[in-house]
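Taking it in order: structure first as structure tokens, then the write-up.
All chains are named by letter (A, B, ...) in the order of the sequence lines, taking the proteins before the strands, and each is independently numbered beginning at 1.
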2 protein chains.
Amino acid sequence: MKGKPTFHQIKGLFTEYKLTPQRKAVLEVFLENKDEHLSAEEVLRLSQEKNSDIGFATVYRALDLFEELDIIHKMNFGDGKSRYELNQMEREHHHHHLVCLSCHEIIEVKDDLLSRLETNIAQEHNFDITDHRLQFYGYCYKCRDHKETT
Amino acid sequence: MKGKPTFHQIKGLFTEYKLTPQRKAVLEVFLENKDEHLSAEEVLRLSQEKNSDIGFATVYRALDLFEELDIIHKMNFGDGKSRYELNQMEREHHHHHLVCLSCHEIIEVKDDLLSRLETNIAQEHNFDITDHRLQFYGYCYKCRDHKETT
DNA sequence: GTCGCTGCAAAGCTTTTGCATTAGA
DNA sequence: TCTAATGCAAAAGCTTTGCAGCGAC
């Protein structure tokens, strides 16, 4: 469980904003789905299972707020909707995504061999890098096998 | 100019599809803006400057077709609209993007130190990688300097 | 009582689709 | 001629916004 923030760690961030029941529900959804890449719709549905009184507008407003507080971050895998993921709080937080072009499964890669590359690029381009996103596209073993045997 | 496809190279791909004036206009727009990351709206505007008779539907349909023919590819930098870029045709075609969080400039990085990482990850996860996208987020030197001096 | 948060519904964007018309080979 | 491509406008997502009401402090 190392590298994953807890509810109480995050709660401390809410000094100038209220941690309302709706926001709490959204937060819990992320904490209980740490390895998912949730769409706004999924966040709404899962939040409603906890707290029947929440609508799309509130979900989107909570997502905006949480992104600003660096609790989550927004991603895009090219399916027309934004997806959101809990931020890891440790230094070794980087991970990448394998996106299967056939079954659309998204697999996480824990590796972070990118730090050296990042340092090089930052120096060369005189650019302060604060974050990166890396997606690999291709075919997972299931889809590849299926293609080969048919 | 190495590594950039020419009009005649691409024209050869149109064996089963018609290279209509509209598609030709869109294609030329990409060839004349090789280092841009154009939105559909920009493609429409630039195409209209060449050929007054083209609408949004045709632009989107051309973009879909060109993506399928691997002439361009779709990207997303998180501003709510898809952006399109001409594909390079050589092997050494990979490049990455530095996205400035302050002025939103997008800088290209030609480097491709990712191949070894890609090989490792493909083996480890039993995944056929066909492509990758890498974005670095941070602050370009202009914005950084501006922040430091204010 | 005040100020921020919420829900609803409407509006705003980008992108897709249906259909009648046009045009290329 | 015959099929594919186009334009227009409508529709279909996803996301944002306006506003009145509600609730926490």
Side-chain angles (χ1 to χ4, degrees), chain A residues 10-11 13-29 36-69 71-85 104, chain B residues 10-30 36-69 71-85 104:
Chain A
I10 288 173
K11 199 180 173 188
L13 294 173
F14 281 82
T15 49
E16 43 185 331
Y17 300 102
K18 289 179 193 160
L19 187 51
T20 64
Q22 288 86 350
R23 290 174 178 174
K24 197 155 164 279
V26 171
L27 194 48
E28 283 171 3
V29 164
E36 299 294 320
H37 312 90
L38 302 168
S39 66
E41 196 186 347
E42 290 165 337
V43 173
L44 176 71
R45 188 172 46 75
L46 293 168
S47 299
Q48 281 178 333
E49 288 175 11
K50 303 181 161 297
N51 183 323
S52 62
D53 242 20
I54 186 169
F56 255 121
T58 304
V59 166
Y60 276 109
R61 283 187 277 234
L63 292 173
D64 282 354
L65 176 63
F66 290 1
E67 212 194 345
E68 200 164 314
L69 294 176
I71 296 170
I72 60 175
H73 66 255
K74 198 198 275 198
M75 285 171 304
N76 203 297
F77 295 119
D79 61 347
K81 58 187 78 172
S82 297
R83 297 187 167 274
Y84 300 84
E85 185 187 52
H104 304 106
Chain B
I10 288 173
K11 200 180 170 190
L13 295 172
F14 281 82
T15 49
E16 42 184 331
Y17 299 102
K18 290 178 195 163
L19 186 50
T20 62
Q22 288 86 350
R23 289 176 178 172
K24 196 155 165 280
V26 171
L27 194 49
E28 284 172 3
V29 163
F30 279 105
E36 300 294 318
H37 313 89
L38 302 169
S39 66
E41 196 187 346
E42 290 165 338
V43 173
L44 176 71
R45 189 172 45 75
L46 293 168
S47 299
Q48 281 176 333
E49 289 175 11
K50 303 182 159 297
N51 183 327
S52 62
D53 242 21
I54 186 169
F56 254 122
T58 304
V59 166
Y60 276 110
R61 284 187 277 232
L63 292 173
D64 281 353
L65 177 63
F66 290 0
E67 213 193 346
E68 202 164 312
L69 294 176
I71 296 170
I72 60 175
H73 67 255
K74 198 198 276 198
M75 286 170 304
N76 203 298
F77 295 119
D79 61 348
K81 60 187 78 172
S82 297
R83 297 188 166 274
Y84 300 84
E85 185 187 51
H104 304 107

Query raised in the report: Within the structure shown, what part of the strands sits under 4.0 Å from A/S39 by heavy-atom distance: base, sugar-phosphate, or nothing?
Result: nothing
Can you tell me if [X] touches the phosphate of [N], counting only side-chain N or O atoms and a distance under 4.0 Å to OP1 or OP2?
| X | N | value |
| --- | --- | --- |
| A/T20 | D/dA24 | no |
| B/Q22 | C/dA23 | no |
| A/Y60 | D/dT16 | no |

Can you tell me how far [atom2] of [N] sits from [atom1] of [X], to the nearest Å?
| X | N | atom1 | atom2 | answer |
| --- | --- | --- | --- | --- |
| B/K81 | C/dG12 | NZ | P | 16 Å |
| A/D64 | C/dC5 | CG | P | 13 Å |
| A/K24 | C/dC5 | NZ | C1' | 17 Å |
| A/E41 | D/dT15 | CD | C1' | 13 Å |
| A/K74 | D/dT16 | NZ | C1' | 11 Å |
| A/D79 | D/dT15 | CG | P | 9 Å |
| A/D53 | C/dG7 | CG | P | 6 Å |
| A/K18 | D/dA24 | NZ | P | 9 Å |

Requested in this report: Kindly check if the number of other-residue, nucleotide or ligand heavy atoms within 6.0 Å of NZ (A/K24) is above 12?
Outcome: no
**Report entry** Test side-chain contact (heavy atoms from CB on, under 4.5 Å) applied to A/I54 and A/Q48, step by step
**Finding:** CA-CA 6 Å; A/I54 186 169; A/Q48 281 178 333; 3.6 Å; yes
**Report entry** Comparing A/A62 and B/F56 on DNA chain C - which has the more 5′ nearest nucleotide
**Finding:** A/A62
Query raised in the report: Hey, is B/R83 close enough to B/E36 for a salt bridge, meaning N to O under 4.0 Å?
Result: no
Query raised in the report: With respect to the side chain of A/I54, which nucleotide from D/dG7, C/dG7, C/dG24 is positioned closest?
Result: C/dG7
Report summary line: Testing D/dT6, C/dG24, D/dT15 for proximity to the side chain of A/A40, the answer is D/dT15
Query raised in the report: Can a donor-acceptor pair be found between the side chains of A/E85 and A/H73 at a distance below 3.5 Å?
Result: yes
Query raised in the report: Between the base of C/dG7 and the side chain of A/R61, is there any donor-acceptor pair under 3.5 Å?
Result: yes
Requested in this report: Measure centre to centre between the rings of A/F77 and A/H37, then say whether the value is under 6.0 Å.
Outcome: yes
